Amino acid sequence: MDKVVVSVGGSVLIPGDNDSIYIEKLAKMLREIASDVQIAIVVGGGKMSRYYSEVGRELGGTMYQLDELGIGITRVNAKLLTVALGDIANSDIPLKAEECASMSAPGRIVVMGGTEPGHTTDAVASMIAKNLNADRIVNASNVDAVYSDDPRKNPDAKRFSRMTIQELKDVVYDDHDAGKSCVFDPLGVNIAMEEKIDLYMVNGRDIDELRNAILGNEIKGTFVNSHQ
Ligand code: UTP
């Protein structure tokens with residue numbers, strides 16, 4: 001059975017737009033395919049973590065403390081998804097990628113949030129994938145694919161339907177230099193590259209697209225080949 005790690009951005013899970021309806025549909029789809037693929041999920045913080053980070057900064061918090069606030073929110077979001085998943089999911093949220101990988105089993109869905117300061121949940125997804133020896137990582141974000149640049153600002157931005165992991169690395173390191181929010185955490189890209197784990201970059205609000213990515217089928221988004 002294939003093993004898959006899914007990174008669900010907070011902006012996908014809980015953007016404040018019919019959230020319970022979306023989360024219910026997501027949980028239903030995940031339960032349906034849990035007998036076909038072994039699934040581990042890491043959930044991001046979304047706008048709530050940005051809000052806590054902003055308020056923490058105004059209060060003079062250190063970067064480390066702001067990251068800790070963000071991690072707390074990712075874990076609350078992870079708990080929310082387990083509520084929707086029911087018995088098939090864990091009730092305690094693992095605090096480390098290794099713990100998540102060891103809790104993972106066929107027919108079960110393990111959900112977690114962040115681990116420690118200094119990276120995002122995308123990097124956690126790659127860490128779980130490494131520990132689980134996963135077949136692929138699915139990044140469920142609110143964009144439909146990887147672009148060479150922000151398509152809203154640059155009409156010449158190239159949309160990738162397939163790319164190599166080196167090409168993804170070039171895109172995220174460009175993004176990083178400009179201080180923009182990244183399509184995938186650079187640390188996560190490095191781990192996926194070292195471990196030769198393919199990535200599927202999809203719009204997570206499109207449940208059919210997300211299902212196809214988790215099952216390793218054709219997707220409308222970007223397939224990132226790590227085997228070259
Ligand atoms: P996210 O993974 O949601 O980060 O974690 P993000 O940058 O908002 O993610 P994208 O843009 O949706 O991909 C929220 C915050 O929590 C802290 C970081 O501060 C991060 O920005 N965090 C999260 C950690 O410090 N460590 C973790 O393992 C996870």
Side-chain angles (χ1 to χ4, degrees), residues 1-14 23 26-27 29-46 48-49 67-141 184-202 204 210-211 213-216 224 226:
M1 189 187 275
D2 278 4
K3 295 177 200 165
V4 185
V5 181
V6 189
S7 176
V8 180
S11 55
V12 171
L13 191 79
I14 187 148
I23 296 170
L26 172 67
M29 180 274 282
L30 292 168
R31 281 195 301 263
E32 281 166 6
I33 62 172
S35 48
D36 302 318
V37 280
Q38 189 173 323
I39 303 167
I41 301 177
V42 56
V43 178
M48 194 59 86
S49 73
D67 278 351
E68 286 180 320
L69 290 169
I71 293 167
I73 301 296
T74 64
R75 289 178 178 159
V76 170
N77 287 345
K79 184 70 198 177
L80 191 65
L81 181 55
T82 67
V83 168
L85 284 166
D87 288 349
I88 200 169
N90 45 310
S91 47
D92 293 331
I93 303 301
L95 307 182
K96 292 183 181 303
E98 298 80 3
E99 197 188 337
C100 179
S102 66
M103 285 164 71
S104 179
R108 304 277 309 155
I109 299 175
V110 187
V111 189
M112 73 177 294
T115 55
E116 58 211 28
H119 52 246
T120 72
T121 48
D122 291 344
V124 176
S126 292
M127 293 170 195
I128 302 168
K130 177 179 175 175
N131 279 280
L132 201 56
N133 200 11
D135 294 278
R136 55 191 162 275
I137 297 167
V138 174
N139 185 46
S141 72
F184 202 79
D185 186 317
L187 172 61
V189 176
N190 285 341
I191 296 171
M193 190 173 198
E194 272 165 29
E195 300 297 318
K196 295 190 168 32
I197 305 169
D198 296 334
L199 284 107
Y200 288 62
M201 312 289 286
V202 294
L210 183 53
R211 180 195 287 111
I214 296 172
L215 294 174
V224 184
S226 296

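These numbers come from a predicted model, not from an experiment. Side chains included, hydrogens not; waters and symmetry mates left out as well; all remaining heavy atoms used.
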Check for a donor-acceptor pair, side chain of [X] on one end and backbone N or O of [Y] on the other, with a separation under 3.5 Å.
| X | Y | result |
| --- | --- | --- |
| D67 | P117 | no |
| D185 | T120 | yes |
| R75 | T115 | yes |
| D198 | R136 | no |
| S126 | I191 | no |
| N77 | G44 | yes |
| N90 | V111 | yes |

Mind checking the [atom1]-[atom2] spacing from [X] to [Y]? Nearest 0.5 Å is all I need.
| X | Y | atom1 | atom2 | result |
| --- | --- | --- | --- | --- |
| L26 | I41 | CG | CD1 | 6.5 Å |
| T121 | I71 | OG1 | CD1 | 10.0 Å |
| C100 | L132 | SG | CG | 7.5 Å |
| I39 | L30 | CD1 | CG | 5.5 Å |
| D122 | N139 | CG | CG | 5.0 Å |
| T82 | I93 | OG1 | CD1 | 4.5 Å |

[Y] side chain reached by [X] side chain, heavy atoms, under 4.5 Å:
| X | Y | result |
| --- | --- | --- |
| L187 | M127 | yes |
| M112 | V124 | yes |
| L81 | I23 | yes |

What heavy-atom pair brings [X] and [Y] nearest, and what distance separates the two atoms?
| X | Y | answer |
| --- | --- | --- |
| D135 | M1 | OD2-O, 4.5 Å |
| S102 | E99 | OG-O, 3.0 Å |
| A213 | V202 | CB-CG1, 3.9 Å |
| A125 | V5 | O-CG1, 3.5 Å |

Legend entry - Steps toward side chain to side chain contact (heavy atoms under 4.5 Å, CB included) verdict (I137, F184): CA-CA 11 Å; I137 297 167; F184 202 79; 4.2 Å; yes
Inset, instruction - Evaluate the criterion side chain to side chain contact (heavy atoms under 4.5 Å, CB included) for residue pair M29 and I214; output intermediate values, then yes/no. - result: CA-CA 10 Å; M29 180 274 282; I214 296 172; 4.2 Å; yes
Inset, instruction - Count the heavy atoms belonging to other residues, nucleotides or ligands that lie under 6.0 Å from NZ of K96, then report whether that count exceeds 12. - result: no
Inset, instruction - Check whether more than 12 heavy atoms from other residues, nucleotides or ligands sit under 6.0 Å from atom CE of M103, and answer yes or no. - result: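 Yes, CE of M103 has more than 12 neighbouring heavy atoms, counting only those of other groups under 6.0 Å.
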